[in-house]
2 protein chains.
Amino acid sequence: MSQITPAPTPLSEHRHPDPLQPDGRSTRWADHREARRAELVRIARRVVHHQGPDVSMDEIASAAGTSKSIVYRYFADKTGLQIALADAVLLQMQGALEGALRSADTPRDGLRSMVAVYLEMVESSPHVYSFVTRQPESGAPMVHFLDAVTAMVATPFVRALTESGVTVPGPTSALAQSWAAGAVGFVRGAGEWWMAQQGEPGTPSRDELTRQIASWLWVGPVGFLTRERGSPDRPDPSDRQPPATQETP
Amino acid sequence: MSQITPAPTPLSEHRHPDPLQPDGRSTRWADHREARRAELVRIARRVVHHQGPDVSMDEIASAAGTSKSIVYRYFADKTGLQIALADAVLLQMQGALEGALRSADTPRDGLRSMVAVYLEMVESSPHVYSFVTRQPESGAPMVHFLDAVTAMVATPFVRALTESGVTVPGPTSALAQSWAAGAVGFVRGAGEWWMAQQGEPGTPSRDELTRQIASWLWVGPVGFLTRERGSPDRPDPSDRQPPATQETP
DNA sequence: CCAGAGTACCTGATACCGTCGGTTTCGTGA
DNA sequence: TCACGAAACCGACGGTATCAGGTACTCTGG
């Protein structure tokens, strides 16, 4: 996982093995298959976008002008389709991210760009987002999409860690990965809260939320709030109040 | 296999026939119902714990020595059962949290306690955790469990905000809520990463992860890492470190 | 005041339905 | 001949309807 690449060739468990071997006449089908598969993903994405994350395989198939058996020829199961769709989305996000990162010179700006790209994706198609982040029934413990995003975040982080010569106990990759997983979770949690809030008064704009999240991830609420009050960078750990008891659920 | 009526609590002579109440024949079952409902939740929790988050309603019913119709008499649907189970778990977490908060004097310790309680829950029963955090098919946009935890986090946070006299643009509640949603997401993301990592070398212990997460949430990675290197509390925003740009895939 | 009939409300099993993910069968066209 | 693709099919599951008790309350007549 050296690259930022979202692992576009994921677990082959959910991907159908090519039944045809490189036997000359099969190569002709290879690219056809690939093209058709991509087309199916495209259609599935459109259908999910419009119909919601609960579309059935039948609906997807008929939207593609065909029947389930075809879909199942290209994807092992629904999870396989979900993964393929996630890869398509990830590829697109990566493109947007590269553009944004070109004009980001501080690492913090980089973080902000990542948050921005994520939130843009969520906003641009909540249904697709929901579909892609849904954990499969009795399947892998990790959702491919979130896993890939985590890798995308962890990779530069771990490099920055090693390059900056920070020495921490234990393997740095575990440190970076756990932070990345947490950070992605933060954006996910805040983003989904934000989407659920839409329409309520006081809901921040996407850009506001982006900056907010980046701030919080970077310096924590203390750093952010103290900055708000004037003193830019003194966390003041012996702060007052906070986490106390609360009412019943 | 129970009798038709286990113990309907005959409330005969100790309760006057209230003219406002429609009929004593209906009220008779009230507390029995409540008790049975709780019992069903308990059993469901045990079954989910052992069988995994994909148990069917039939399985739960038969584990309770009855059939689906009974379960559906007490819970509108599977989501209703999920919510009830979540409430039971939340109640327990709240108990643990109150105990922990009693010995936490700084807000940061409070945060650490919350993280600890969450991770303890995840570790104590991954299956129940998974069941309770699963988003229902085509249902509410928010998972009840996560929503409730977010509220538990946001409440003290918003109080701390107002009491400390921090003035921020817009309603403070939106600010607190978005942070809470993000923080819960952070713990969720890191916690699930951690559970998926179990067995790998370099995986932190629960306690290590707890402190790590609390640190990151409180001061961000910059604050944490600079502290690691010696200077306890100087984030130094113009820092080197993390999320930088990276190359193309 | 009381005995018993009638009633309101409940329990609970079983059969059933619609949907959906996934598989198998079989016709057909190159 | 043979792969492709449509359509029938299958099993599982969430959820509902039906029906058969059963118990404690209420009502009525003596």
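A, B, ... follow the sequence lines: proteins, then strands. Residue 1 opens every chain. Just the heavy atoms: all of them, side chains too, but no hydrogens, waters or symmetry mates, feed the values below.
Counting to the nearest Å, the C1' atom of D:dA6 and the CD1 atom of A:Ile70 are 8 Å from each other. Between A:Met57 atom CE and C:dG22 atom C1' the separation is 9 Å, expressed in whole Å. Note: CZ (B:Arg37) to C1' (C:dC10) measures 17 Å, nearest angstrom. The nearest whole Å value for the distance from the CG atom in A:Asp58 to the P atom in C:dG18 is 16 Å. Straight-line distance from the NZ atom of B:Lys78 to the P atom of C:dT19: 19 Å, rounded to whole Å. As a whole-Å value, the separation of B:Gln51 CD from D:dC13 P is 12 Å. Note: CD (A:Glu59) to C1' (C:dC20) measures 10 Å, nearest angstrom. Taking atom CZ on B:Arg134 and atom P on D:dC13, their separation rounds to 13 Å, with Å as the unit.
Closest to the B:Thr66 side chain, of the nucleotides C:dA13, C:dG22, D:dA6, is C:dA13. Side-chain proximity of A:Lys68 to the nucleotides C:dA13, C:dT23, D:dG14 is greatest for C:dT23. Looking at the side chain of A:Ser67, the nearest of the listed nucleotides D:dG15, C:dT11, D:dA6 is D:dA6.
Considering only side-chain N and O atoms, A:Arg36 lies nowhere under 4.0 angstrom from the phosphate OP1 or OP2 of D:dC4. Of the side-chain N and O atoms in A:Tyr72, none sit less than 4.0 angstrom from OP1 or OP2 of D:dG5. The phosphate of C:dT11 has neither OP1 nor OP2 within less than 4.0 Å of any side-chain N or O from B:Ser69.
Note on B:Arg134 versus B:Asp54: salt bridge recorded, some NZ/NE/NH1/NH2 to OD/OE distance being below 4.0 Å. The pair B:Glu34-B:Arg37 does not count as a salt bridge, with every side-chain nitrogen at least 4.0 angstrom from each carboxylate oxygen.
Among the atoms of the strands shown, only primed sugar atoms or phosphate atoms (P, OP1, OP2) are found under 4.0 Å from some heavy atom of B:Ser56. Across all strands, B:Phe75 comes closer than 4.0 Å to no nucleic acid atom at all (heavy-atom distances).
Aromatic ring centres of B:Phe131 and B:Phe145 lie farther apart than the 6.0 Å criterion allows.
A:Tyr118 has its side chain within reach of A:Tyr129: a pair of non-hydrogen atoms, C-beta onward, lies under 4.5 Å apart.
For the pair B:Thr79 and B:Arg73, both in contact range of DNA chain D, the more 5′-proximal nearest nucleotide belongs to B:Thr79.
Expressed to the nearest 0.5 Å, how far CH2 of B:Trp216 lies from OG of A:Ser178 amounts to 3.5 Å.
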